[in-house]
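Here is how names work: the chains are called A, B, and so on, in the same order as the sequence lines, proteins then strands, and each is numbered from 1. For clarity, every value in this text was computed on a predicted model and none was experimentally measured.
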2 protein chains.
Amino acid sequence: MAHRTISDEELLGRALELFRTYGFEGVSLKRLAEATGLEKASLYYRFPGGKDDIAMAVVNGVAAAMQHLVFDPLHTGEGTPRKRLQGVIERLREFYACGTKSCVFDLMSIPGASPELKASLRTTMKAWLDSFAAIGRESGLASGQARTRAEEAIGRIEGGLVLARVMGDGAAFERALKTVPELLGTA
Amino acid sequence: MAHRTISDEELLGRALELFRTYGFEGVSLKRLAEATGLEKASLYYRFPGGKDDIAMAVVNGVAAAMQHLVFDPLHTGEGTPRKRLQGVIERLREFYACGTKSCVFDLMSIPGASPELKASLRTTMKAWLDSFAAIGRESGLASGQARTRAEEAIGRIEGGLVLARVMGDGAAFERALKTVPELLGTA
DNA sequence: GTCTATAAAGAGATAGAC
DNA sequence: GTCTATCTCTTTATAGAC
């Protein structure tokens, strides 16, 4: 079958699912080709840098997703901080499929990934910390405590995802999400 | 050079460092051979199942390490719960090298690892949860809350390790460790 | 118990047809 | 813009010498 085109968005979405499932090192071009319905050579045409290039595009896509799933609604959205944070938590629950899907920050931040990729992950993580700290301040926390609590909340979420993966049960992630409003002062 | 023997303990220690650095999929037999000073064929002689076999032995070693670094001192050790937990936290700090080393529960619990390996990780994680819950109860927490807090503490530790890796700075792990005594009621 | 050598499969990468 | 074909290097795994 010739010319089985697939949009960049669809392609990168499927690549994301592979990377967050198998980890950076666990994803091969063969797997990417099977998941996208393209041959390896076609992937090289669209992403000349090969796997690193695709992984970078995936991570940039995640950064964009975090921007409009989390950062924008928290910062420029309507309603009380409490309501905005509730909405963000709902979107995180969906993004991580109730704890059944792992975090790309976790599985792609290991050696083997390019320095650029790791830098992008770090930048997005910083933005997440800033975003949660801002909502904490808006809810009345002092600046220093808002930073501490933002790290605590994100740590709980990431740790909950690890626990959920190890235990084979998303419940630990759900419980972690529940602690976030109190940590950020919107409970 | 012939017959460059290495003890199982030393061999598995070096393998552990590889697995917790590069993840399960990122470790090849070539890397294991280089790190241990043995040829690949020698590794197959000692671990006939190859990489899966070595990984399983590594994870069993980690289970044993957790037993005498964490579970035994918490359960049968001397001193107040507060003192025992302090000692355990010190040992965890050392085991994770102040947040510069990742958690084997995290990096080895992905597809690619054998079901037996994942089962062993889960069993050890359950033991960790039980151990922290027991110290919480001993410190006066109600049974249900002790379980919740144990998961919270381990989640914070695991999340702190993920944050430390992503940010390239162990500080997030150190801050996570600091929250543990309060969570378990020994602060 | 470790070595050298090698086979077979998988991975990354490119050339050239359509 | 995707395909088939191919090349090289890596990885897993085994056979047989010492």
Side-chain angles (χ1 to χ4, degrees), chain A residues 1-59 107-108 110-118, chain B residues 1-59 107-108 110-118:
Chain A
M1 185 195 314
H3 288 261
R4 30 187 157 163
T5 36
I6 178 175
S7 69
D8 272 18
E9 192 182 342
E10 177 70 18
L11 189 160
L12 291 175
R14 300 201 190 170
L16 168 61
E17 291 312 305
L18 290 182
F19 280 115
R20 78 195 304 197
T21 303
Y22 299 103
F24 180 83
E25 301 274 10
V27 176
S28 67
L29 281 170
K30 189 187 178 191
R31 250 185 180 151
L32 284 162
E34 284 165 357
T36 58
L38 291 178
E39 292 298 323
K40 285 185 287 177
S42 304
L43 290 174
Y44 275 102
Y45 176 82
R46 289 167 72 158
F47 299 91
K51 179 171 141 178
D52 281 359
D53 213 344
I54 296 173
M56 193 67 215
V58 164
V59 165
L107 269 65
M108 294 185 84
I110 55 170
S114 70
E116 293 75 26
L117 189 145
K118 281 181 276 191
Chain B
M1 186 195 318
H3 288 261
R4 29 186 159 165
T5 35
I6 178 176
S7 70
D8 272 18
E9 191 183 343
E10 177 70 17
L11 189 160
L12 292 174
R14 300 201 191 170
L16 168 62
E17 292 312 305
L18 290 182
F19 280 115
R20 78 197 303 198
T21 302
Y22 299 103
F24 180 83
E25 301 274 9
V27 176
S28 67
L29 281 171
K30 188 187 178 190
R31 255 188 176 146
L32 284 162
E34 284 166 357
T36 58
L38 292 178
E39 291 299 321
K40 286 181 286 176
S42 305
L43 290 174
Y44 275 104
Y45 176 82
R46 288 167 73 158
F47 299 92
K51 179 171 140 178
D52 280 358
D53 214 344
I54 296 173
M56 192 68 215
V58 164
V59 164
L107 269 64
M108 294 185 84
I110 55 171
S114 71
E116 293 75 25
L117 188 145
K118 281 182 275 189

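- When distances are taken from the side chain of Leu38(B) to each of dG1(D), dC3(D), dC3(C), the shortest belongs to dC3(C).
- Whole-Å rounding puts the Phe47(A) CZ to dA13(C) C1' distance at 16 Å.
- When the side chain to side chain donor-acceptor pair (under 3.5 Å) test is applied to Glu34(B), no partner is found at least two apart in sequence or on another chain.
- Rounded to whole Å, the distance from CD on Glu39(A) to P on dC18(C) is 17 Å.
- Shortest non-hydrogen contact noted between Met108(B) and Leu117(B) is O-CD2, 3.5 Å.
- We find that CZ of Arg46(A) is positioned 18 Å from P of dA13(C), with the value rounded to whole Å.
- Note that OG of Ser28(B) is 8.5 Å distant from CG of Leu18(B), once rounded to the nearest 0.5 Å.
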Every protein N/O within reach of nucleotides 11-14 of chain D N/O, cut-off under 3.5 Å:
residue : atom : partner  : partner atom : Å
dT12(D) : OP2  : Leu29(B) : N            : 2.8
dT12(D) : O4   : Lys40(B) : NZ           : 3.4
dA13(D) : OP2  : Tyr44(B) : OH           : 2.9
dA13(D) : O5'  : Tyr44(B) : OH           : 3.4

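- Residue Tyr45(B) has a polar side-chain atom (N or O) positioned under 4.0 Å from OP1 or OP2 of dG1(C).
- The CD1 atom of Ile6(B) sits 14 Å away from the C1' atom of dG1(C) (whole-angstrom rounding).
- Screening residues 18-31 of chain B for salt bridge (charged side-chain N to carboxylate O under 4.0 Å, His left out) gives Glu17(B)-Arg20(B) as the qualifying pairs, with residues at least two apart or on separate chains.
- In this structure, CG of Asp52(A) is placed 13 Å from C1' of dA11(C), rounded to the nearest angstrom.
- In the region residues 11-26 of chain B, proximity to DNA chain C at under 4.0 angstrom, judged on heavy atoms, holds for none of the residues.
- Put simply, Ser42(A) has a side-chain N or O that comes within less than 4.0 Å of OP1 or OP2 on dC3(D).
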Using a 3.5 Å cut-off and no angle test, enumerate the donor-acceptor pairs between side-chain atoms of residues 43-57 of chain A and protein atoms at least two apart in sequence or in another chain.
residue  : atom : partner  : partner atom : Å
Arg46(A) : NH1  : Ile6(A)  : O            : 3.0
Arg46(A) : NH2  : Ile6(A)  : O            : 2.5
Arg46(A) : NH2  : Asp8(A)  : OD1          : 2.7
Lys51(A) : NZ   : Phe24(A) : O            : 3.0
Lys51(A) : NZ   : Val27(A) : O            : 2.7
Asp53(A) : OD2  : Gly49(A) : N            : 2.9

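- With rounding to the nearest 0.5 Å, the separation of OG1 in Thr36(A) from CD in Glu10(A) is 10.0 Å.
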Check: Taking it one step at a time, do Leu38(B) and Leu11(B) satisfy side-chain contact (heavy atoms from CB on, under 4.5 Å)?
Finding: CA-CA 9 Å; Leu38(B) 292 178; Leu11(B) 189 160; 3.9 Å; yes
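- Scanning for salt bridge (Lys or Arg N to Asp or Glu O under 4.0 Å) contacts around Glu39(A) gives Arg4(A), with sequence neighbours left out.
- Annotation for Lys118(B) and Ala113(B): closest pair CE-O, 3.4 Å, computed over non-hydrogen atoms.
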